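Both backbone and side-chain heavy atoms feed into the values below; hydrogens, waters and symmetry mates do not. Everything quoted here is computed from the prediction, not taken from an experiment.
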Amino acid sequence: TLKRPVLNLPQMCQLPREPDVKRDKPDSWSKKGIGVVVLDSTSGAPLYRLKLSAVLAEGSKRDAGSSGGVSVIPLFGKEKPVALALTAIRGQVETVDLPTDAVPGRIHRVLVDAARLVPPFFNELRLEIEGNALVWQETGGRYQH
């Protein structure tokens with residue numbers, strides 16, 4: 001019998017894992033914080049590599065810490081988060097209102113239009129043929145069979 005080798009892709013080439021609240025729960029998680037999972041409104045897939053800041057009722061902002069797919073906003077006293085400011089890799093910012101029932105100790109799902117927040121990496125992809133390889137000149141990337 002022929003055994004197939006196990007393919008181990010580098011972390012940057014792997015698909016992001018689904019958030020698991022029990023596994024991703026940070027050490028600081030308690031009833032003094034609110035958890036947020038940001039999902040694409042079209043596919044329902046979790047969005048990663050976003051910087052999240054909570055907008056509190058009095059107008060101040062607080063950055064959220066992240067663990068896996070769950071972002072945690074620490075709250076002190078009677079602070080009430082009313083919105084999230086989402087900043088994508090390329091600097092686009094979108095503000096999303098939190099549900100009125102967003103209370104400490106719970107994890108809330110927030111849906112955003114990922115296509116509007118994170119534009120496509122390219123509008124047109126031109127590959128050149130060099131021998132038996134497809135080459136993307138902009139990056140030097142090659143696909144060779």
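With hydrophobic clusters built from ILVMFWY side chains whose heavy atoms lie under 4.5 angstrom apart, Leu98 shares a cluster with Leu52. Val55 and Leu50 end up in different hydrophobic clusters when Ile, Leu, Val, Met, Phe, Trp and Tyr side chains are linked at under 4.5 Å. Under a hydrophobic-cluster definition in which Ile, Leu, Val, Met, Phe, Trp and Tyr are linked whenever side-chain heavy atoms come within less than 4.5 Å, directly or via other members, Ile107 and Val72 are assigned to the same cluster.
In this structure, Lys80 does not pair ionically with Glu58, as no charged nitrogen and carboxylate oxygen lie closer than 4.0 Å. Glu124 and Arg126 are joined by a salt bridge, as a carboxylate oxygen and a charged side-chain nitrogen come within less than 4.0 angstrom of each other.
Note: Ile73 CD1 to Lys61 NZ = 12.0 Å, rounded to the nearest 0.5 Å. If you take OG on Ser71 and CD1 on Ile34, they are separated by 11.5 Å, rounding to the nearest 0.5 Å.
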Walk me through it: do Arg142 and Leu134 pass the test side-chain contact (heavy atoms from CB on, under 4.5 Å)?
CA-CA 6 Å; Arg142 302 175 67 85; Leu134 292 174; over 6 Å; no
Apply side-chain contact (heavy atoms from CB on, under 4.5 Å) to residues Leu86 and Val96 and explain how you reach the verdict.
CA-CA 8 Å; Leu86 308 169; Val96 179; 3.8 Å; yes
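Residues Val36 and Leu84 form a side-chain contact, since some pair of their non-hydrogen atoms from C-beta on lies under 4.5 Å apart. Counting heavy atoms from C-beta outward, Leu56 and Leu75 have side chains that approach closer than 4.5 Å.
Counted by atom type alone, Ser53 and Asp63 present one or more donor-acceptor pairs between their side chains at under 3.5 Å. Side chains of Gln137 and Glu130: a donor on one and an acceptor on the other come within 3.5 Å.
When the shell of 6.0 Å around CD1 of Ile129 is examined, it contains 12 or fewer heavy atoms from other residues, nucleotides or ligands.
Proximity of a side-chain donor or acceptor of Asp40 to a complementary backbone N or O of Ala114 within less than 3.5 Å is detected.
Nearest heavy atoms, Leu39 versus Gly44: CD2-O, 3.6 Å.
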